[in-house]
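Quick caveat, the model's predicted, so the values are computed rather than measured. Here is the naming used below: chain letters follow the sequence lines, and residue numbers restart at 1 for every chain.
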There are 2 protein chains.
Amino acid sequence: MPRRTDTRERMVRTAADLFHAQGYHATGLNQVLAEGGAPKGSLYFHFPGGKEQLAVEAVALAGDDLRTALEAVLSGTDDPVEGLNQALALLGENLERSDFKHGCPIATVALDASADSEPIREACADVYDSWQRIIAEHLNRHVADEPAAGEAGTDEPAAHQSAPGEAATDELATVVLAAIEGAVLLARTRRDLSPLHAVGARLGALLGRPTG
Amino acid sequence: MPRRTDTRERMVRTAADLFHAQGYHATGLNQVLAEGGAPKGSLYFHFPGGKEQLAVEAVALAGDDLRTALEAVLSGTDDPVEGLNQALALLGENLERSDFKHGCPIATVALDASADSEPIREACADVYDSWQRIIAEHLNRHVADEPAAGEAGTDEPAAHQSAPGEAATDELATVVLAAIEGAVLLARTRRDLSPLHAVGARLGALLGRPTG
DNA sequence: CCTGTAGTAGACCAGTCTGTATATTAAGAT
DNA sequence: ATCTTAATATACAGACTGGTCTACTACAGG
C-alpha cells in the first residue's frame, strides 16, 4: 500500500472533532480535508458515501470514545452517585478545556443533521442507547436491590422477567442521561459549569436516596 | 408605508420555524425568503445585520412563545409535578405533530451557531434563563416551604439573602430544565416520546417528594 | 522489469451560500 | 403634482459547497 495507511482513521477523527464543535452543516469537507491533511480524492476513496458516511462513522467513533471513558469512570467506584458525579466532572473538564466548544459530541450532529439524513439520526440514536445501557448497568449493579419506587406500578402486567426493577432502572437511566445531556447543553450555551454541578447535587434525590 | 407592514414579522416567524427544525447553518436565507414570500432586498432592509440578526430575533421570538405557553400551563395547576407534566405533554405534542422535527426551538441553534456567533449564543442563553426563571417561580410558589435538602451544604458561605431556599430552588429549576431539555433531545433523536414520559415519572423524586 | 492496483493529489463542475447594488413601487407630506 | 422616503423586487457578485473526474505515485506479485 502506498504512502500512509492511517489516512482513513485520521479523517474520521478530524471529522469527529469538527462535527463535535461546529455541527454537521457548519463543517465543510474542505475544512476536514485541510485539517486532516488529505486531498479530496482520498476522502471519496475511503468514504464513497461522502459526507453522510463520514458523519455516521465520526458519530460512532466519538460515541465509542465517550462510552469507554464513561465505563472507566463508572466502574471505578461503588457509589452510583459518586460515579455519575465523576462522569459529570469529566464532561465539565472537556467543556472548560475547549473553551466551552466541546459539549456532547453527538447532540449537535443529532439536532442539525437528523432532519437531513436518516442514517446519521440512527447513528446518534445508537450512541445514546449505548450510553444509556452503560448507565443502566451501573445503576443495576448498585441500586437494583431497592424497592424501585411504585408510583406507576399499576400498568405493568408481567414485563420484567429477570430482575425485578429492570424496567424501572431503564427508565431511571433515561432520566439520568437526559439530565446530563441537558446540563451539558445548558453549560455550553451559558459558558458556565453550574448546570453540571446542579445536576450532580440533585442526583441523589433523583436516584431515590432518602434526601441526598 | 408601501404594500405590507407585516413582512418583517413574517420573516422572523418563518426563520424561527426553519431554524427550529433544521438549525442555523442548514437553513439558507433563500429558503427563508421563498417560504416567507419575500425578496432578498427586503430582508437586508429589515435586517441590516443579515442572517445573524435574523437568527437572534428568531431565537428571542421562539423563546418568548414557548415561555408564554409554559407560563400558561404552569399557572393552571397547584401541583408542581402536575404542572411540569403538562409542560412535558405540550412538548410531546409538538414533537408528534411535527413528525419529531420540532423539539426545542433553541437547542439546535444554540449548538450549531454559538460557535460562530456570540450574539446568537447570548440570545439562546437569555431564553434558557427566562425559562428557568419561570420554572423557579413555579417551584417557589409550591414547594419553597420545604427544608430544601442539604447534601452539599458545606461550601456555601452566605449566599442566600432573602428567601431561605431561593438558591436551592434555582438549582432545582436548573436541573428540571436540564432534564426536560435532555428528554426532548433524546425523544427527537429516537423518534420516541418515552424519554419525556420517563422524566415525567421521575419528577416527583427529583423535586424531593417522599417517593411519589 | 513490468504491470496491476491501492491510494494520493488536485483540478474541475454545477449549484448554493450570504451579501450588495440597483431599480421600481407605493404611500404621506407639501 | 411633486418630492421624499419606506419598502419591495431582482439581478448580480464572490466565495464556498459537496461531489466527480482524471492524472499520478508507490508498492506488491509475477
Side-chain angles (χ1 to χ4, degrees), chain A residues 1-19 21-59 108-109 112-121 123, chain B residues 1-16 18-19 21-59 108-109 112-120 123:
Chain A
M1 300 95 185
R3 297 286 205 123
R4 305 205 202 83
T5 56
D6 63 329
T7 303
R8 207 193 123 96
E9 197 197 327
R10 240 180 35 250
M11 284 202 272
V12 186
R13 291 222 99 90
T14 310
D17 272 1
L18 291 171
F19 287 151
Q22 306 177 338
Y24 181 74
H25 288 96
T27 303
L29 291 185
N30 294 327
Q31 192 184 4
V32 177
L33 264 15
E35 210 137 320
K40 214 151 214 185
S42 300
L43 197 160
Y44 283 91
F45 173 78
H46 292 292
F47 305 91
K51 195 185 188 184
E52 184 176 64
Q53 183 187 353
L54 185 62
V56 167
E57 299 203 19
V59 162
T108 314
V109 175
D112 96 319
S114 47
D116 272 21
S117 158
E118 197 42 30
I120 297 180
R121 201 215 95 231
Chain B
M1 305 91 183
R3 295 284 207 123
R4 303 205 205 82
T5 56
D6 62 330
T7 303
R8 207 194 123 96
E9 197 197 325
R10 240 180 35 249
M11 285 202 270
V12 184
R13 289 223 101 89
T14 310
L18 291 171
F19 287 151
Q22 305 176 339
Y24 181 74
H25 288 96
T27 302
L29 291 184
N30 295 328
Q31 193 184 1
V32 177
L33 265 14
E35 211 139 318
K40 213 158 220 179
S42 300
L43 198 160
Y44 283 92
F45 173 78
H46 292 291
F47 305 91
K51 194 186 188 182
E52 186 176 62
Q53 182 186 352
L54 186 62
V56 167
E57 299 204 19
V59 162
T108 313
V109 175
D112 96 319
S114 46
D116 272 20
S117 158
E118 200 36 34
I120 297 181

Whole angstrom value for the distance that separates [atom2] of [N] from [atom1] of [X]:
{"X": "B/Phe45", "N": "C/dT25", "atom1": "CZ", "atom2": "P", "answer": "18 Å"}
{"X": "A/Arg8", "N": "C/dT8", "atom1": "CZ", "atom2": "C1'", "answer": "16 Å"}
{"X": "B/Asp6", "N": "D/dT8", "atom1": "CG", "atom2": "C1'", "answer": "13 Å"}
{"X": "B/Lys51", "N": "C/dC17", "atom1": "NZ", "atom2": "P", "answer": "9 Å"}
{"X": "A/Arg10", "N": "C/dG7", "atom1": "CZ", "atom2": "P", "answer": "13 Å"}
{"X": "A/Gln31", "N": "D/dA15", "atom1": "CD", "atom2": "P", "answer": "18 Å"}
{"X": "A/Gln53", "N": "D/dG19", "atom1": "CD", "atom2": "C1'", "answer": "14 Å"}
{"X": "A/Glu52", "N": "D/dG19", "atom1": "CD", "atom2": "P", "answer": "9 Å"}

Practice task
Using a 4.5 Å cut-off on heavy atoms from C-beta on, say whether the side chain of A/Gln22 contacts that of B/His25.
Solution key: no

Problem - Any B/Glu52 side-chain heavy atom under 4.5 Å of B/Tyr24 side chain - result: yes

Give a yes/no answer on whether the side chain of [X] brings an N or O atom under 4.0 Å of OP1 or OP2 in [N].
{"X": "B/Tyr44", "N": "C/dG19", "value": "yes"}
{"X": "B/Asn30", "N": "C/dT16", "value": "no"}
{"X": "B/Lys40", "N": "D/dT10", "value": "no"}
{"X": "A/Thr7", "N": "C/dT8", "value": "yes"}

Practice task
Could you check whether A/Gly50 gets within reach of a base, just the sugar-phosphate, or nothing at all, counting any heavy atom under 4.0 Å?
Solution key: sugar-phosphate

Exercise for the section: Under 4.0 Å between any heavy atoms, over every strand shown, what does A/Gly28 touch: base, sugar-phosphate, or nothing? Just pick one. Expected result: sugar-phosphate

Fill in the blank from the handout: Between A/Ile120 and A/Ala113 the two heavy atoms that sit nearest each other are CG2-CB, 3.9 Å

Handout entry: DNA chain D: 5'-proximal contact among B/His46 and A/Leu29 (nearest heavy atom)
Key = B/His46

Practice task
Go through the side-chain N and O atoms of A/Glu35 and A/Thr14 and say whether any donor and acceptor fall under 3.5 Å apart.
Solution key: no

Exercise for the section: Please confirm whether the backbone N or O of A/Thr27 pairs with a side-chain atom of A/Lys51, one donor and one acceptor, at under 3.5 Å? Expected result: yes

